[in-house]
Amino acid sequence: MKVRFAWLTLLVLLGACSSIEPWVQPYERDRLADPIMSFDRDPVSAGYLQKVYDIREGARGATGGSGGGCGCN
Amino acid sequence: MPALAVGTLLCALTGQYGQAAVLPDDRLDVLYHYYDGGGITVSGPSVLVRKQLGERFSVQGKYHVDTITGASIDVITTASEYREERTELSASVDYLRGDTLLSLGVVTSDENDYKGRSFNINVSQEVFAAMTTISMGYVRGSDEIGRSGDPNFAEELDRHSWRLGLSQVITRNLLAELAFETISDTGFLNNPYRQVRYLDGDSPRGYAFQSELYPRRRTSNAVAVRGRYHLPYRASVHAEYRYFVDDWGIDAHTTRIGYTHATVPRFIFDVQYRYYTQGAADFWSDLYPFRDAQNFLARDKELSRYTSHSVRLGASYELFDSPIGFMSRGSVNLVYDWITADYADFRDLRVTETPGEEPGYSLSANVIQLFFSIWF
């Protein structure tokens, strides 16, 4: 029963794709394109500081960006 | 709202609303770094250059040197002061095809007693009219560990890392990222120089030392969420939270908040606060009751229970506002970080006391970065 419900939910969500439109248009992304909104504005500096923390802390990982920006360029 | 978020993700994963991605900017960064804290000084240069080749390729090279001098608290109590140098070289190539960006890279790191080699691959895809970026990555590392003065000592360490990322445009002012990474190590994980202490009635100070011994496997998971919000004027605020847990019993929380101010012509100012706290590894102890008290032994402060606070101040100055020759932009940047750490159970053995009654160790560090960036 639970499996059926999960599949039904998945199908409904996939069907909803046709109704979900991008709600921030490319011409509305001027602020997102500002360098001060970048997660990785200065990669050489960010990489160095992360190394400083990694060496001294037990935790590690999930520090980098997802490799993409905001699609603003 | 959760249904909308899940729906957005599913739409993204099914590839709808695809749009072309872009290659990273062409730029050159030349950085000098200086770290002074806990009896250690680390300094050196770091140079990063990235250049687009044609419409679809971009290459990157990086050169980084750490010159390390001094004696940390671990060394003061069991060994002598040292000086060493670490050189890191890395190269990567990005390939852009439509809305997909494929990156391949290699990193080498060399010290007199440690060689690190790693290979990484990352794929990212912009979807949903470039409102969503999904990425996956894998890193394979292979290290060779030696010990100064002991030519017969040779150990190895293998590392596998898997990464998943999702960045999302939430509103015209708000960006969010979600990142997950699992890392698995197999091999020699402890420090060949560090030691643990145990109670010893025959020793005048009441304790003696023996080599530390870590498990030869470690698997960790980390998940992070971060966001950036553009304020009504040219400034932004950002926040981040990361949760970490591993199979050695360590769990950690990292929180970061910051503000970037760019209303003064040519200047960008940054201020940031970071809070970090972690629990100790299950087998960690500052003072074991006797020699070989456990199958695994660790007294590294990095695996102990502690909290850390960091404050950052940064300033960036735009050198020119119109292109000069091949350079489109240029900036000079100064960043200062002040880091403190207070260890709850790691005792300061520079103080002579009844074993186990010594005060807890704490340190503060100053980290300075001066760098020039040129875009071309």
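Residue numbers start from 1 in every chain, and the chains themselves are labelled A, B, ... in the order their sequence lines are given, proteins ahead of strands.
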Going by an N to O cut-off under 4.0 Å, is there a salt bridge joining B/Glu88 and B/Arg86? yes
Which of the residues B/Ile250, B/Val42, B/Asp246, B/Ile268 is involved in the greatest number of heavy-atom pairs with chain A at under 4.5 angstrom? B/Ile268
With A/Arg56 as the cation and B/Tyr276 as the aromatic partner, state whether NZ or CZ is under 6.0 Å from the six-membered ring centre and within 45° of the axis. no
Measuring centre to centre across the rings, with the benzene-like ring taken for any Trp, is B/His33 within less than 6.0 Å of B/Tyr35? no
Which answer fits B/Ile183, side chain, backbone, both or neither, if we ask what part of it has an atom under 4.5 Å from a heavy atom of chain A? both
Portion of B/Leu231 that has a non-hydrogen atom of chain A nearer than 4.5 angstrom: backbone
Give, for atom CG of B/Asp99 and atom CD of B/Glu126, the distance between the pair rounded to the nearest 0.5 Å. 7.5 Å
Cut-off 4.5 Å, heavy atoms of chain A, and the answer for B/Ser331 is neither
Side-chain donor or acceptor of A/Asp34 paired with backbone N/O of A/Ile36 under 3.5 Å: yes
So, do B/Tyr259 and B/Phe269 have ring centers that fall under 6.0 Å from each other? no
Heavy-atom pairs under 4.5 Å with chain A - which of B/Leu303, B/Val223, B/Thr171 has more of them than the others? B/Thr171
Heavy-atom pairs under 4.5 Å with chain A - which of B/Val47, B/Leu48, B/Leu31, B/Asp300 has more of them than the others? B/Leu31
Could B/Asp270 and B/Arg312 be called an ion pair, given the rule that one side-chain N must be under 4.0 Å from one carboxylate O? no
Given a strict heavy-atom distance threshold of 4.5 Å, which part of B/Val367 is in contact with chain A: side chain, backbone, both, or neither? side chain
Check this for me, if you would: do B/Arg27 and A/Asp42 make a salt bridge, where the nitrogen-to-carboxylate-oxygen distance has to be below 4.0 angstrom? yes
For chain A, which candidate among B/Val335, B/Thr182, B/Asn173 shows the most heavy-atom pairs at distances under 4.5 Å? B/Asn173
Answer yes or no: is there an ion pair linking B/Asp94 with B/Arg50, defined by an N-O contact shorter than 4.0 Å? yes
If one checks every heavy atom of B/Arg163 against chain A at 4.5 Å, the contacting part turns out to be neither
Between the side chain of B/Arg172 and the main-chain N/O of A/Arg31, is any donor-acceptor distance below 3.5 Å? no
Short question: side chain of B/Gln278, backbone of B/Glu302 - any donor-acceptor pair under 3.5 Å? yes
Contacting moiety of B/His64, where chain A heavy atoms sit under 4.5 Å: side chain
Can you tell me which portion of B/Tyr229 sits under 4.5 Å from chain A's heavy atoms? Options are side chain, backbone, both or neither. backbone
By a 4.5 Å heavy-atom criterion (distance strictly below it), what part of B/Asp337 contacts chain A: side chain, backbone, both, or neither? side chain
Please check if the side chain of B/Arg242 supplies one atom and the backbone of A/Gly61 the other of a donor-acceptor pair under 3.5 Å. yes
Tell me which of these, B/Phe371, B/Trp248, B/Tyr306, B/Phe244, has more heavy-atom pairs under 4.5 Å with chain A than the rest. B/Phe244
Interface moiety of B/Ile339 toward chain A, non-hydrogen atoms closer than 4.5 Å: side chain
Region of A/Asp30 that comes under 4.5 Å of a non-hydrogen atom in chain B: side chain
Quick check for you: among A/Arg60, A/Glu28, A/Arg41, which has the greatest number of heavy-atom pairs under 4.5 Å with chain B? A/Arg60
Residue part contacting chain A, namely of B/Arg218, when any heavy atom lies under 4.5 Å: both
Under a 4.5 Å heavy-atom cut-off, does chain A meet the side chain of B/Ala235, its backbone, both or neither? backbone
Select, from B/Gly279, B/Ser304, B/Gly227, the one with the greatest count of heavy-atom pairs under 4.5 Å involving chain A. B/Gly227
Structural part of B/Ala252 lying under 4.5 Å from a heavy atom of chain A: side chain
